Amino acid sequence: MFSKLKDFYHSKTKPADQPQTVVRADQIEQQQEKMRMQERRRAEQEYARQHPEQIIEEKMQSFDNKTNRLKKKLNIAIITVFGLIILVFLILFFI
């Protein structure tokens, strides 16, 4: 405890060019998170360089999945519009 007080006192009296001895925990966590992100990016880039055919295959599968989802949504929209048109004709015919 006295060392922290001593460091605090000396940090006020030291010139600005000397590094501070006490580092906040959130600063350490931010630095560690930054280092993890850099390592993850480096690993992803290295993997992409070593396996370009697999990356292309994954992109094609992703494209196919997106296309299939859009096809399903479009089919649902077409069926809904067609059903509503029939419903409107039936209502107008019987009124």
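On a predicted model such as this, the values are computed, not experimentally measured, just so you know.
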Participant: Under the rule for side-chain hydrogen bond (donor to acceptor under 3.5 Å, both in side chains), what residues qualify as partners of R36, not counting sequence neighbours?
Facilitator: E33
Participant: Could you give the distance from OG1 (T80) to CG (N75), rounded to the nearest 0.5 Å?
Facilitator: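 Result: 10.5 Å between the selected atoms.
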Participant: Out of curiosity, N68 CG to F63 CZ, how far, rounded to the nearest 0.5 Å?
Facilitator: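 Going from CG on N68 over to CZ on F63, the span is 10.0 Å.
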Participant: Under 4.5 Å between side-chain heavy atoms, hopping through other hydrophobics if needed: is there a path connecting F93 to F82?
Facilitator: yes
Participant: Excluding sequence neighbours, so at least two apart, what forms side-chain hydrogen bond (donor to acceptor under 3.5 Å, both in side chains) with Q31?
Facilitator: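 For Q31, no residue satisfies side-chain hydrogen bond (donor to acceptor under 3.5 Å, both in side chains) once neighbours in sequence are set aside.
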Participant: For R69, which residues count as a side-chain hydrogen bond (donor to acceptor under 3.5 Å, both in side chains) partner, sequence neighbours excluded?
Facilitator: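 Not a single residue meets the side-chain hydrogen bond (donor to acceptor under 3.5 Å, both in side chains) criterion with R69.
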Participant: Would you give the length of the straight line joining atom CD of Q27 to atom CD of E29, rounded to the nearest 0.5 angstrom?
Facilitator: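 Nearest 0.5 Å value for the CD-CD distance: 11.0 Å.
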Participant: Checking side chain to side chain donor-acceptor pair (under 3.5 Å) against E44, which of R41, R42, R40 comes through?
Facilitator: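 Going through the options one by one, the only one that passes is R40.
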Participant: Output the distance between atom CD1 (I79) and atom CG (L84), rounded to the nearest 0.5 Å.
Facilitator: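 I79 atom CD1 to L84 atom CG measures 12.0 Å (nearest 0.5 Å).
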Participant: Return the CD1 to CG distance between I78 and L74, rounded to the nearest 0.5 Å.
Facilitator: 4.0 Å
